[in-house]
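It should be emphasised that the depicted structure is a prediction, and the values quoted were computed from it without experimental measurement.
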Amino acid sequence: MISPEDEPGGREPDGRPEGRGRPPDRRPDASMSLLADLFAGRRLDPGYAEAAARKAASGAGRRPRGLRGAGVLLVLALTGALAAVAGVEVHRSEPVAAERHSELVDQIHARTAETDALQRRLDLLRADTERRRAAALARSAEGRRVRREVAAAGAAAAAAPVAGEGLVVTLDDARRGASAAPGGAADGRVYDQDLQVLVNGLWAAGARAIGVNGRRLTPTTAIRAAGEAILVDYRPLGGPYEVTAVGDPGRLRAAFAGSPADRRLAALRDRFGIRYGTRRSDEVRLPAAGAVRLRYAVPGEGGGR
């Protein structure tokens with residue numbers, strides 16, 4: 001509060017309000033009234049007491065603030081308890097997740113081994129069947145003619161092994177740190193579409209048969225991606241990728257050089273650091289492909305192709 005003596009206005013040199021003298025009846029200890037009130041426990045302003053009385057009457061005293069503080073503490077306690085329970089559950093689930101992952105890896109390895117064993121058995125049975133069929137057809141002129149037609153159809157369908165000269169094209173991811181692109185090493189990977197372009201380019205160059213990492217391609221073979229793996233005929237393959245094309249290596253190289261496929265792969269090599277190269281081989285071998293299951297093909301009229 002502002003006392004009458006402290007009302008705005010000028011002051012004399014001794015600090016008294018301008019034009020006014022000290023009241024003659026003022027107590028000598030009047031300036032100590034503030035300390036006296038504090039020691040006596042009285043409030044500084046009657047308005048404070050009135051406001052406190054109104055709060056007490058309306059129930060808006062300290063208790064709501066205390067309740068709010070208790071609510072905050074309760075929320076914090078519940079949050080901490082939930083975090084502790086979640087941490088315990090995560091800690092408990094880690095060994096279970098690791099065990100499940102290990103089991104899945106073991107199952108994948110076991111199924112892969114079974115599939116490889118079945119594939120080897122199938123190759124042996126096919127070879128035995130081919131020998132028996134060739135021996136039966138060789139007994140007559142008509143049989144020998146049929147054998148030649150079957151051999152030509154088998155070669156077109158990749159149903160028989162093939163060997164001879166050829167061209168080998170190698171694709172591989174860029175070496176670490178070798179990519180010049182802003183994306184870095186991630187852009188220096190070989191993708192499924194890169195293999196698709198290469199295979200189509202070799203077919204267009206006149207290849208008689210093509211294989212990727214030893215797997216024979218058929219007219220219906222799919223080259224796809226699953227995550228970071230490249231699938232050829234639904235089997236995952238890893239780099240480096242060797243694409244073998246059976247045919248005259250000189251003609252294949254001359255027809256493939258400068259083709260759209262060759263230009264694309266050369267651009268990937270120059271820009272992203274992908275390893276790309278070709279070499280000729282005097283002796284390449286490709287096994288027979290898996291059986292082709294025709295779903296929509298029907299024999300033509302008169303047995304023609």
Does some side-chain heavy atom of [Y] sit less than 4.5 Å from a side-chain heavy atom of [X]?
X: Leu265; Y: Arg269; value: no
X: Arg120; Y: Leu124; value: no
X: Asn213; Y: Val232; value: no

In the single-linkage hydrophobic clustering (I, L, V, M, F, W, Y; side-chain heavy atoms under 4.5 Å), do [X] and [Y] co-cluster?
X: Val190; Y: Ile210; value: yes
X: Trp203; Y: Val212; value: yes
X: Val162; Y: Val168; value: yes
X: Val199; Y: Tyr276; value: yes

Spacing of [X] atom [atom1] and [Y] atom [atom2] [to the nearest 0.5 Å]:
X: Arg100; Y: Leu104; atom1: CZ; atom2: CG; result: 8.5 Å
X: Arg189; Y: Ile274; atom1: CZ; atom2: CD1; result: 9.5 Å
X: Asp194; Y: Phe272; atom1: CG; atom2: CZ; result: 9.5 Å
X: Arg263; Y: Leu268; atom1: CZ; atom2: CG; result: 13.0 Å
X: Ile230; Y: Asp192; atom1: CD1; atom2: CG; result: 6.0 Å

Verify the neighbour count for atom CZ of Arg275: are there more than 12 heavy atoms of other residues, nucleotides or ligands below 6.0 Å?
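Counting neighbours around CZ of Arg275, more than 12 heavy atoms of other residues, nucleotides or ligands fall under 6.0 Å, so yes.
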
Using a 6.0 Å cut-off, check whether atom CZ of Arg215 has over 12 heavy atoms from anything other than its own residue.
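Yes, the 6.0 Å shell around CZ holds more than 12 heavy atoms from other groups.
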
Which pairs would a plain distance check flag for residues 234-259, meaning a side-chain donor or acceptor within less than 3.5 Å of a matching protein atom at least two apart in sequence or in another chain?
residue	atom	partner	partner atom	Å
Arg235	NH2	Asp116	OD1	2.9
Asp248	OD1	Gly250	N	3.1
Asp248	OD1	Arg251	N	2.9
Ser259	OG	Phe256	O	2.6
Ser259	OG	Asp262	N	3.3

Would you sort out whether Arg126 and Glu130 count as a salt bridge (Lys or Arg N to Asp or Glu O under 4.0 Å), showing the intermediate values?
CA-CA 6 Å; Arg126 280 179 176 171; Glu130 179 60 27; over 6 Å; no

List, by chain and number, the other hydrophobic cluster members for Leu231, where Ile, Leu, Val, Met, Phe, Trp and Tyr join if side-chain heavy atoms come within less than 4.5 Å, directly or indirectly.
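Listed partners: none, Leu231 stands alone.
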
Locate the shortest heavy-atom distance separating [X] from [Y]; write the atom from each residue and the value.
X: Arg216; Y: Leu286; answer: CD-CB, 3.9 Å
X: Gly201; Y: Ala261; answer: CA-CB, 4.0 Å
X: Arg144; Y: Ala138; answer: NH1-O, 3.1 Å
X: Ala158; Y: Thr218; answer: CB-CG2, 3.9 Å

Keeping the roles fixed (side chain from Asn200, backbone from Val197), state whether a donor-acceptor pair exists under 3.5 Å.
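Side chain of Asn200 to backbone of Val197: no pair is present.
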
Decide yes or no on side-chain hydrogen bond (donor to acceptor under 3.5 Å, both in side chains) for Thr115 and Thr112, but give the supporting numbers first.
CA-CA 5 Å; Thr115 303; Thr112 302; over 6 Å; no

